[in-house]
Amino acid sequence: MNSTRFKKSRPCPELTEAPPLQMDPVNLAKDFRHYYAHHLGRDKHCRLTHYAYEAMALVVRDRLMERWKSTRYAYEESDCRRAYYLSLEYLMGRSLGNSILNLGVVDEVSKALYGLGLELEELAEAEQDAGLGNGGLGRLAACFLDSCATLQLPVQGYGIRYEYGMFRQRLDNGYQIEEPDHWLGAVNRWEVERPEYTQRVKFGGRSEPYRDHSGTLRWRWVETRDVLAIPYDVPVPGHQNGTVNTLRLWKAVATAEFDLGEFNAGDYPGSVAAKNEAEKITMVLYPNDSSENGKDLRLRQQYFLASASLQDVMEKWSKIQGNQLSRFAEKNCFQLNDTHPSCAVAELMRLLIDEQGMTWDQAWETTQKTMAYTNHTLLPEALEKWPVRLFEQLLPRLLDIIYEINARFLKQVAQRWPGDLERQRRMSIIEEGPEPQVRMAYLAIVGSFSVNGVAELHSQLLQQGLFKDFYELWPEKFNNKTNGVTQRRWLAWCNQGLSELISERIGEGWVTELEQLSQLKPLAEDAEFQGQWQHVKHQNKLRLAELVRAECGVAFAPEAMFDVQVKRIHEYKRQLLNILHVIHLYDRIKRGDTANWTPRCVLIGGKAAPGYAMAKQIIKLICNVAEVVNNDPAVGDLLKVAFIPNYRVSAMEVICPGTDLSEQISTAGKEASGTGNMKFMMNGALTIGTLDGANIEIREEVGSENFFLFGLTATEVEVVRRDYNPAGFINADENLYRVMQLLRSGHFNQCEANIFDSIIQAIYSPHDPWLVAADFSSYVAAQQQAARAYQDQHGWTKMSILNSAASGKFSTDRTMQDYNRDIWRLEPVSAMQVTGGAPRLPRRIEELVNGEPQKAFARTD
Ligand code: 26W
């Protein structure tokens with residue numbers, strides 16, 4: 001970037017201190033017209049919703065800007081301790097509606113647009129999702145940021161600005177086709193490029209020893225091929241509180257001198273190739289949510305994020321504090337979103353030792369006091385390992401440091417368990433073997449002061465299983481932080497009908513204090529309230545039915561029970577169990593067993609990792625079953641099935657408000673938490689589920705009588721697996737036997753012989769880890785219970801209200817307060833004083849900021 005500054009510069013507040021922008025409909029409309037006509041150059045002949053969206057995005061963005069600046073100032077002035085969330089994924093979805101909601105101007109914007117003959121909902125739908133994530137972990141990061149801004153916590157997100165986000169899923173004859181999502185092809189109104197904060201990230205080369213001026217032996221990383229990291233900042237507004245936090249996303253760009261070097265050597269094509277090589281790093285999100293086998297580019301992405309972000313924090317620190325690094329750990333904390341950014345442990349060591357001149361012991365103490373690690377999965381294949389060989393090539397200096405960390409750590413293990421070589425081998429950060437590997441989770445645990453799981457059961461299983469040795473060594477590091485979701489997006493925005501109904505009865509406090517929903521409990525049996533609740537649900541079901549008609553060409557009748565499972569397609573999540581139940585219902589209809597039938601519309605959606613053959617087969621099976629069921633005149637309206645293509649954040653905003661029954665049917669002990677389960681519950685769906693992940697806590701909160709439970713427990717799963725005999729289960733259950741017969745007969749693949757053989761084999765396999773056959777009969781029983789319950793609409797509505805009323809625990813506001821109390825220990829900082837004309841603080845946050853510090857935020861040191 002050209003870094004010329006203003007020549008005759010003098011302090012000139014007029015340059016940056018503009019009066020606050022007005023938020024009334026008249027001024028909003030005025031600015032909208034300005035952007036539409038003067039900035040975008042459109043006139044009355046242009047009727048494209050896209051430009052109206054763009055104009056409104058610019059209007060809103062201006063209003064975010066001033067709050068964003070005030071927040072930055074407030075944080076700087078208060079010299080507060082800060083936390084940084086490091087994540088390879090952020091599934092932000094759309095921003096326009098959320099920004100308008102959090103600025104508190106939904107009515108004002110709607111009025112302004114109404115005057116112009118436009119509708120907010122229509123404009124909002126013109127926005128593309130920002131899909132920089134795979135699923136649960138990425139969406140969780142987005143919900144965390146929303147809650148941190150709402151709680152006025154000084155938390156900044158760091159991530160990667162992928163040119164291509166999560167692929168778009170299309171179906172061709174029931175087969176998943178992946179199409180690139182070039183979301184940055186359109187202008188992104190929700191980012192600000194900040195080349196002035198560019199960082200340099202090293203790759204390749206070698207590490208060499210040298211003596212510094214005082215004669216001390218030190219190491220440096222030389223002959224590197226550097227890549228520039230350019231930050232793009234995304235505003236993260238809090239709810240009506242004047243705070244706008246930052247998500248900083250890095251883009252990789254080749255260095256100028258690197259190109260030139262190659263060019264001077266006469267290798268023009270080589271220099272262009274080198275440029276591509278560098279820029280490839282942030283080109284595409286890996287569309288995999290359980291395993292990534294040793295891909296060089298993926299490790300580059302991980303290190304690129306860790307290094308650029310840590311250098312950014314260090315640079316800011318040095319500017320303000322000079323080289324006073326002794327207080328670094330007191331003022332900074334990094335939360336690692338799974339092991340993906342866990343290179344940060346070694347990178348911080350490198351920066352502190354090689355670049356800041358700390359001793360090993362000082363640097364290690366600082367690192368261990370600043371890093372905290374969250375685990376999101378129990379599946380062993382999802383635990384990242386990188387070949388030592390790859391580290392050697394790509395990050396030689398980091399590998400030196402990892403070896404040293406490991407050597408010192410294993411000494412500690414040997415001291416604690418003298419002579420236990422087996423344990424040392426088990427706990428080593430380096431897994432020995434023909435191809436030695438770096439175990440990233442172990443690096444993260446050793447380098448952190450906190451290790452957490454994301455639901456009670458998951459955290460327990462980590463301590464008893466996956467990380468048992470580490471728990472025995474450091475029990476104090478381990479803790480649980482049950483996930484949540486933000487009720488701003490997942491109720492207030494996406495279900496405006498229900499929001500208004502709730503607010504009419506109990507006020508709007510629930511928007512920032514979800515526990516207030518418990519005030520709905522006494523209304524659960526109130527006939528008038530029930531009627532209103534049913535009316536809203538009906539409207540939401542019409543909206544969902546319209547989506548299903550448009551996307552799948554299947555007609556869902558709103559009187560039927562809407563039974564929904566949307567999430568990544570994975571064997572452990574058992575979409576297969578769901579479709580076997582559908583086949584069973586079809587079989588019953590064909591047999592004429594339809595007395596007291598509850599009509600049902602089954603919706604399934606989700607993406608399969610492109611290389612996950614079995615997941616893709618499952619999608620094909622769902623589509624084929626849907627085809628047969630939907631076109632059989634004998635079935636009619638008793639049963640409909642649809643697979644919704646391209647499941648994404650904005651689709652869920654329509655799906656969860658219209659759902660009656662939420663399918664959370666993973667094999668117990670496999671789903672770390674789940675967060676979709678919480679979105680459905682909040683919106684008044686009932687759950688059918690196993691005792692897995694956060695389902696357990698959902699059931700505890702709502703009461704077992706308002707939850708359809710089935711299946712083996714995590715402990716039983718382990719027992720049954722030892723000598724599992726699926727054929728035994730199949731032969732013992734007439735229903736399942738018939739379902740398997742139908743499948744095997746080729747009834748759902750009449751012109752496509754044998755395509756489901758691998759699925760059939762998997763169900764019959766004694767090694768089926770997901771125990772589909774074992775849980776089938778109890779699943780069917782629970783489904784029957786749900787169907788019966790649905791026939792009593794008063795009873796059902798009561799349970800629906802009680803579910804929503806009991807969802808208070810599952811707000812990320814609570815989750816973030818838990819992280820803050822136990823891990824981050826930040827003081828909230830209000831940006832209000834610096835923002836002119838901003839709205840009032842919600843009461844509870846006012847207390848947090850101005851009143852007695854609550855226990856949750858009291859410093860423990
Ligand atoms: C390719 C490597 C990889 C490995 C694991 C990529 C992504 C993952 C994630 C851990 C997968 C994931 O999204 N896990 C989900 O995290 C959610 C948020 O905590 C939980 O609610 C889900 O149960 C968990 O599956």
Side-chain angles (χ1 to χ4, degrees), residues 85 87-91 131-144 159-160 162 166 284-295 297-299 301-302 305 335-342 373-386 439-441 444 452-459 461-462 466 480-486 490 566-574 606-612 615 649 652 664-681 689-690 692-698 714 810 812 815-816 818-819:
Y85 200 71
S87 176
L88 268 282
E89 302 189 16
Y90 290 92
L91 260 182
L132 306 185
N134 273 288
L137 159 143
R139 182 54 229 177
L140 185 76
C143 285
F144 277 13
I160 290 184
Y162 301 105
M166 188 60 198
V284 58
L285 166 80
Y286 274 93
N288 214 316
D289 74 337
S290 57
S291 66
E292 201 50 72
N293 12 34
K295 298 273 166 41
L297 185 60
R298 171 77 177 175
L299 182 59
Q301 290 185 336
Q302 297 188 347
L305 168 66
Q335 190 73 42
L336 307 176
N337 199 18
D338 215 278
T339 53
H340 316 160
S342 60
Y373 157 56
T374 306
N375 172 283
H376 293 266
T377 179
L378 287 155
L379 302 185
E381 69 267 27
L383 284 190
E384 291 190 302
K385 291 175 194 168
W386 292 108
R439 295 162 163 162
M440 300 309 276
N452 76 281
V454 291
E456 289 288 352
L457 173 70
H458 171 230
S459 298
L461 293 174
L462 286 180
L466 218 48
N480 172 249
K481 296 286 167 283
T482 297
N483 283 167
V485 303
T486 168
W490 295 113
V566 283
K567 48 183 80 237
R568 285 301 288 254
I569 310 293
H570 210 296
E571 287 162 282
Y572 85 80
K573 294 177 188 279
R574 296 199 295 193
K607 293 174 184 175
Y612 191 169
V649 172
M652 185 57 157
Q664 308 299 337
I665 59 179
S666 51
T667 312
K670 300 299 160 199
E671 186 70 271
S673 162
T675 46
N677 47 4
M678 302 169 184
K679 293 165 199 167
F680 284 116
M681 178 197 203
T690 49
D692 199 15
N695 295 353
I696 297 175
E697 291 156 74
I698 286 178
F810 304 106
T812 33
T815 311
M816 292 297 85
D818 290 352
Y819 274 82

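Treat the numbers as computed from the prediction; the structure is a model and nothing was measured. Counting convention: from 1, in listed order, for ligands and their atoms alike.
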- Task: Can you measure from OG1 (Thr374) to CZ (Phe144) and round to the nearest 0.5 angstrom?
- Result: 7.0 Å

- Message: For Asn337 and Glu89, which I'm curious about, is there any donor-acceptor pair between the side chains at under 3.5 Å?
- Response: no

- Query: Just which atoms of ligand 1 are under 4.0 Å from any heavy atom in Asp338?
  - Reply: 10 (C)

- So which protein heavy atom does atom 22 (C) of ligand 1 come closest to, and at what separation? Glu671 OE1, 3.3 Å

- Item | Results of ring-ring contact (aromatic ring centres under 6.0 Å, His included) for Tyr286 - residues two or more places apart only | none

- Message: Measuring from atom CE of Met652 to atom CG of Leu91, what distance do you get when rounded to the nearest 0.5 angstrom?
- Response: 12.0 Å

- Query: Where does Arg568 meet ligand 1, judged by heavy-atom distances below 4.0 Å: at the side chain, the backbone, both, or neither?
  - Reply: neither

- Task: Could you list the residues that satisfy ring-ring contact (aromatic ring centres under 6.0 Å, His included) with Tyr373, not counting sequence neighbours?
- Result: none

- Report, in ascending order of atom number, the atoms of ligand 1 lying under 4.0 Å from any heavy atom of Tyr572. 25 (O)

- Message: Quiz question: by atom type and distance under 3.5 Å, do the side chains of Gln664 and Glu671 form a donor-acceptor pair?
- Response: no

- Task: Could you grab the distance from atom OG1 of Thr815 to atom CG of Leu140, nearest 0.5 Å is fine?
- Result: 7.5 Å

- Numbering the atoms of ligand 1 from 1, which are under 4.0 Å from a heavy atom of Ala672? 23 (O)

- d(Tyr819 OH, Thr812 OG1) to nearest 0.5 Å is 11.0 Å

- Query: Looking only at N/O atoms, are Ser673 and ligand 1 under 3.5 Å apart anywhere?
  - Reply: yes

- Would you mind running through ligand 1 and noting each atom that sits below 4.0 Å from a heavy atom of Leu140? 18 (C), 19 (O)

- Query: Should one rank His340, Lys573, Lys567, Glu384 by closest heavy-atom distance to atom 4 (C) of ligand 1, which comes out on top?
  - Reply: His340

- For atom 24 (C) of ligand 1, grab the closest protein heavy atom and report residue, atom and distance to one decimal in Å. His376 O, 3.4 Å

- Query: Among protein heavy atoms, which lies nearest atom 21 (O) of ligand 1, and at what distance?
  - Reply: Gly674 N, 2.8 Å

- Message: Checking a contact table here: which protein heavy atom is nearest atom 1 (C) of ligand 1, and how many Å away?
- Response: Asn288 O, 3.5 Å

- Query: Looking only at protein heavy atoms, which one is nearest to atom 12 (C) of ligand 1, and how far off is it?
  - Reply: Leu137 CB, 3.8 Å

- For atom 8 (C) of ligand 1, which of Thr482, Asn134, Asp289, Leu383 has the closest heavy atom? Asp289

- Task: Using the side chain to side chain contact (heavy atoms under 4.5 Å, CB included) rule, take His458 and Leu378 through it: C-alpha gap first, then chi angles, then the decisive distance, then the call.
- Result: CA-CA 8 Å; His458 171 230; Leu378 287 155; 3.4 Å; yes

